[in-house]
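Excluded from the calculations below are hydrogen atoms, water molecules and symmetry mates; all remaining heavy atoms, backbone and side chain alike, are included.
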Amino acid sequence: MAAHRDQNFIMRWLRDLLCGLLIGAGAILPGVSGGVLAVVFDIYRPFMEVLTRPRTAIPKYWKWFPPIALGWCAGFLGFAKCIAAAISLSNTVTTWLFIGLIVGTVPSLFREAGKEGRTAASWGSLLLCAGAVFAGLFYVSRIAEVSVEPNFWWYNFCGVLWGMSIVIPGMTSSSVMMALGLYQPMLEGLARLDLLVLSASLPGMVLAVALLARLVSWFFRTHYAVAFHGILGFVVASTLVIIPTEYASGEPLLSALCCVGGFLLAFLLARLDKKIQK
């Protein structure tokens, strides 16, 4: 019995480390929401509980967060250089990898959204959020042509966007940064651990999380089905809008393989969750 508990603890620790890694990496990949990945990996609600009710939540979840935090830091800071290199080699193939990962988690997210039933309001939330997010991201990424000069305050703004994407699942902050011409400087600054970028973006991120956590948590607590169907709409819209439309030679095959790989990774994580919970 003790050996079984130890094995489950190790599996949970490795699983949470990998999930944190993916969430941190997803936070800096264009079109991908770290908050959505936190939801589909069943980390979002414990995280929000810790932020809003730390006295009761920390004793309950403290074993979860060291591997998640370690993985997130590795994914967000350590993977910045890898993702920058991967995007420079093929933005299309890298994007399809994360599309596969998100698609693989949609079935579990749909089941989670319907856990307390589905009403006309919840379906309306799904359609409204999907339509609004798709229209907004499409406008920012395909129509608007706005560019700004990177500086301390704009990096702070980027941190606020990242913080919002943590507590508001479905918000794809990187797409907004790309539209403003801030994404590449931010990614390069994170990759070389630039003091200006870190000192500006991290406080903005913490501030956004602290200010929005209670409001978002209250909405989930009082309108669960509406909130989760809205998240599902966010996921669908943010995934559709980042589907690449232009391919170089050889990219279609590599994109398909990476998409399948991402899907299988999400599937295996879901199976691991079920095995641990038994």
Side-chain angles (χ1 to χ4, degrees), residues 16 19-20 23-24 26-27 32-65 68-69 72 76 102 105-106 108-137 156-176 201-239 273 277:
D16 290 341
C19 288
I23 293 168
V32 179
S33 167
V36 165
L37 293 179
V39 169
V40 297
F41 294 147
D42 200 25
I43 294 171
Y44 180 78
R45 281 192 293 175
F47 174 71
M48 294 299 287
E49 284 186 40
V50 169
L51 290 176
T52 56
R53 298 193 297 274
R55 289 186 180 180
T56 57
I58 290 177
K60 183 179 178 182
Y61 297 116
W62 71 269
K63 292 182 180 179
W64 283 23
F65 287 100
I68 292 172
W72 188 91
F76 188 76
I102 293 172
T105 57
V106 165
S108 61
L109 182 59
F110 184 77
R111 288 193 297 270
E112 180 71 22
K115 191 166 66 174
E116 295 188 6
R118 305 184 198 277
T119 64
S122 61
W123 288 113
S125 173
L126 189 154
L127 294 175
L128 178 63
C129 290
V133 171
F134 182 84
L137 289 179
N156 191 266
F157 172 74
C158 292
V160 171
L161 289 178
W162 268 322
M164 292 174 66
S165 71
I166 292 173
V167 297
I168 305 177
M171 179 173 176
T172 53
S173 55
S174 298
S175 299
V176 179
S201 60
L202 294 182
M205 181 189 301
V206 172
L207 179 64
V209 170
L211 292 178
L212 291 174
R214 289 188 177 275
L215 176 62
V216 175
S217 182
W218 171 85
F219 191 68
F220 271 79
R221 196 167 57 249
T222 56
H223 303 85
Y224 183 87
V226 173
F228 256 99
H229 280 82
I231 286 176
L232 188 59
F234 285 149
V235 174
V236 172
S238 61
T239 304
D273 269 346
Q277 291 168 4

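Ring orientation note: the planes of Phe228 and Tyr224 are tilted relative to one another, at an angle of 30° to 60°. Between Tyr44 and Phe220, the two ring planes are tilted [angle within 30° to 60°]. The aromatic rings of Phe47 and Phe65 sit tilted, their planes meeting at an angle between 30° and 60°.
Here CG of Leu202 is found 9.0 Å from CH2 of Trp162. Values are rounded to the nearest 0.5 Å. To the nearest 0.5 Å, the span separating CZ on Arg221 from CZ on Arg214 amounts to 9.0 Å.
The shortest heavy-atom contact between Val160 and Ala208 is O-CB, 3.5 Å. Here the closest heavy-atom approach between residue Val167 and residue Val209 is recorded as CG1-CG1, 3.9 Å. Closest heavy-atom contact between Ser217 and Met48: N-CE, 3.9 Å. What you find for Phe110 and Arg118 is that their closest heavy atoms are O-NH2, 2.9 Å. Gly204 and Asn156 get closest at one heavy-atom pair: N-ND2, 3.8 Å. Ala130 and Ala237 make their closest contact through O-CB, 3.2 Å (heavy atoms, listed as atom of the first residue, atom of the second, distance).
Looking only at side-chain heavy atoms (C-beta outward), Val50 and Trp62 stay at 4.5 Å or farther from each other. The shortest side-chain heavy-atom distance between Ser122 and Thr119 falls under the 4.5 Å cut-off.
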